[in-house]
Amino acid sequence: MKKIINLVITATLIIVGLSAGVVPAYAEGEEDEQTPETWLQLSPTAGVVTLRGGDVISGDSEECPEDMEEGCVVKVTNIGSQPFTYRIYASPYAVQEDGNVEFSEDSATSYTQISRWISFLDDSGKYQKEVVHSINPGESQTIAYRIDVPEDVPGGAQYAVIWAQTVGSGNTSGSTGVQTISQAGMVISGRSIGDTRQTAEITSYDFTRFTFGGSLTAEAKVKNTGNTDFDAYYTYTATTLFGKELYKDSGSVAAFPDSEHTINVNWDSTPFLGIFRVQFRVSAADTVTDESHIVVIMPVFIMILLILLLTVIIVWIIIIIRKRKERKARTLV
């Protein structure tokens with residue numbers, strides 16, 4: 001589950017890096033044909049820490065992420081062609097109900113408080129909320145951070161991002177003089193020792209049961225009502241009335257506390273005409289919704305033909321009934 005969540009988070013950060021400045025922050029090992037002047041790299045891209053009330057997590061503490069041998073550190077590398085100055089700071093990682101991610105303090109929740117507990121070691125040996133360094137091309141620098149966990153740490157999960165962002169580089173691009181900015185982020189996921197709840201609510205659930213043609217769809221909305229993240233799993237299966245499988249789609253979405261996540265399924269290459277049995281199953285934490293129904297695909301012109309045929313049959317039956325009545329009447333006379 002953690003691997004899936006980390007992949008989702010990493011992909012989000014890459015997109016943010018692309019939209020936040022002219023120059024994107026690529027993952028380790030990627031190369032470009034032309035090296036930008038301002039281009040930084042941050043590793044690792046994600047880490048998990050264990051939170052206990054009153055702990056001070058730093059150095060090579062056992063609660064630090066296992067991705068770095070040095071413990072609670074991040075490594076910044078200048079893979080650009082020019083020296084630059086950068087800053088290191090932390091921000092909330094808040095997943096909204098529409099699935100978008102916000103990093104501002106305005107979007108902070110009870111599950112992003114860890115961003116306020118993180119500080120960084122400066123050149124004087126003191127921990128600060130933000131530190132600034134200069135770095136030359138090809139150089140790597142290791143920045144230590146510390147997490148001061150409060151005594152009354154809430155149970156469940158905590159999420160934050162440690163950012164490395166260039167500042168005051170002086171490099172511009174184009175005739176407009178837009179300053180070139182490069183940034184990358186590392187997601188910190190905290191797991192509290194205490195009351196951890198994984199509960200969910202499926203707030204909406206529906207799938208197509210009749211259509212005149214085109215794709216068949218299914219949708220469900222999963223609300224994480226617990227205090228830690230989990231994966232919501234879904235399976236959509238279409239079979240003939242005799243049990244032969246025609247289509248299957250399954251997967252999962254990462255669900256974060258106090259947020260709602262939408263599951264969408266689209267079966268595009270459906271038969272032109274048919275009657276099927278469709279099963280749509282959604283499993284999220286302690287909640288499961290599983291329904292199976294007959295689904296019909298019937299084009300409009302075929303429905304019109306059926307209506308006309310049915311009308312002819314009804315008229316024919318009425319005529320036969322009337323003729324029989326007439327015969328009986330004649331026989332009585």
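Note: hydrogens, waters and symmetry copies are ignored here, and every other heavy atom, side chains too, is used. Residues take their numbers from the sequence shown, with the count starting at 1.
Thr199 places a side-chain N or O within 3.5 Å of a backbone atom of Thr225 that can act as its donor or acceptor partner. Here the side chain of Thr85 pairs no donor or acceptor atom with the backbone of Ser134 at under 3.5 angstrom. Counting only distance, with no hydrogens or angles, the side chain of Gln158 and the backbone of Ile188 share no donor-acceptor pair below 3.5 Å. At distances below 3.5 Å, not a single donor-acceptor pair connects side-chain atoms of Asp55 with backbone N or O atoms of Ile57. Checked by atom type and distance alone, the side chain of Gln198 pairs as donor or acceptor with a backbone atom of Asp229 at under 3.5 Å. Using modelled atom types, one side-chain atom of Asn78 and one backbone atom of Asn136 make a donor-acceptor pair closer than 3.5 Å. Ser61 contributes a side-chain N or O that, together with a main-chain N or O of Glu63, makes up a donor-acceptor pair within less than 3.5 Å. The backbone N or O of Glu291 lies less than 3.5 Å from a partner atom in the side chain of Tyr205, making a donor-acceptor pair.
The local environment of CD in Glu139 is crowded, with over 12 non-hydrogen atoms from other residues, nucleotides or ligands closer than 6.0 Å. Other residues, nucleotides and ligands contribute more than 12 heavy atoms inside 6.0 Å of the NZ atom of Lys129. The number of heavy atoms from other shown groups lying within 6.0 Å of CG (Asp60) does not exceed 12.
Looking at residues two or more places apart in sequence or on another chain, you find no side-chain contact (heavy atoms from CB on, under 4.5 Å) involving Val312.
In summary, Glu105 and Arg116 engage in a salt bridge, as defined by a charged side-chain N under 4.0 Å from a carboxylate O.
Grouping Ile, Leu, Val, Met, Phe, Trp and Tyr by side-chain contacts under 4.5 Å, direct or through others, puts Leu310 with Ile314, Ile318.
In this structure, Val278 and Ala238 approach most closely via the heavy-atom pair CG2-CB, 4.0 Å. For the residue pair Leu273 and Ile297, the shortest heavy atom distance occurs at CD1-O, 3.0 Å. Considering all non-hydrogen atoms of both residues, Ala157 and Thr228 come closest at CB-OG1, 3.6 Å.
Below 30°, between 30° and 60°, or above 60°: for Tyr247 and Tyr236 the angle between ring planes is above 60°, a perpendicular geometry. The aromatic rings of His293 and Phe207 sit tilted, their planes meeting at an angle between 30° and 60°.
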Item to complete: For the pair Tyr159 and Phe256, evaluate ring-ring contact (aromatic ring centres under 6.0 Å, His included) and give the outcome as yes or no after the intermediate values.
Response: CA-CA 10 Å; Tyr159 309 95; Phe256 292 85; 5.2 Å; yes
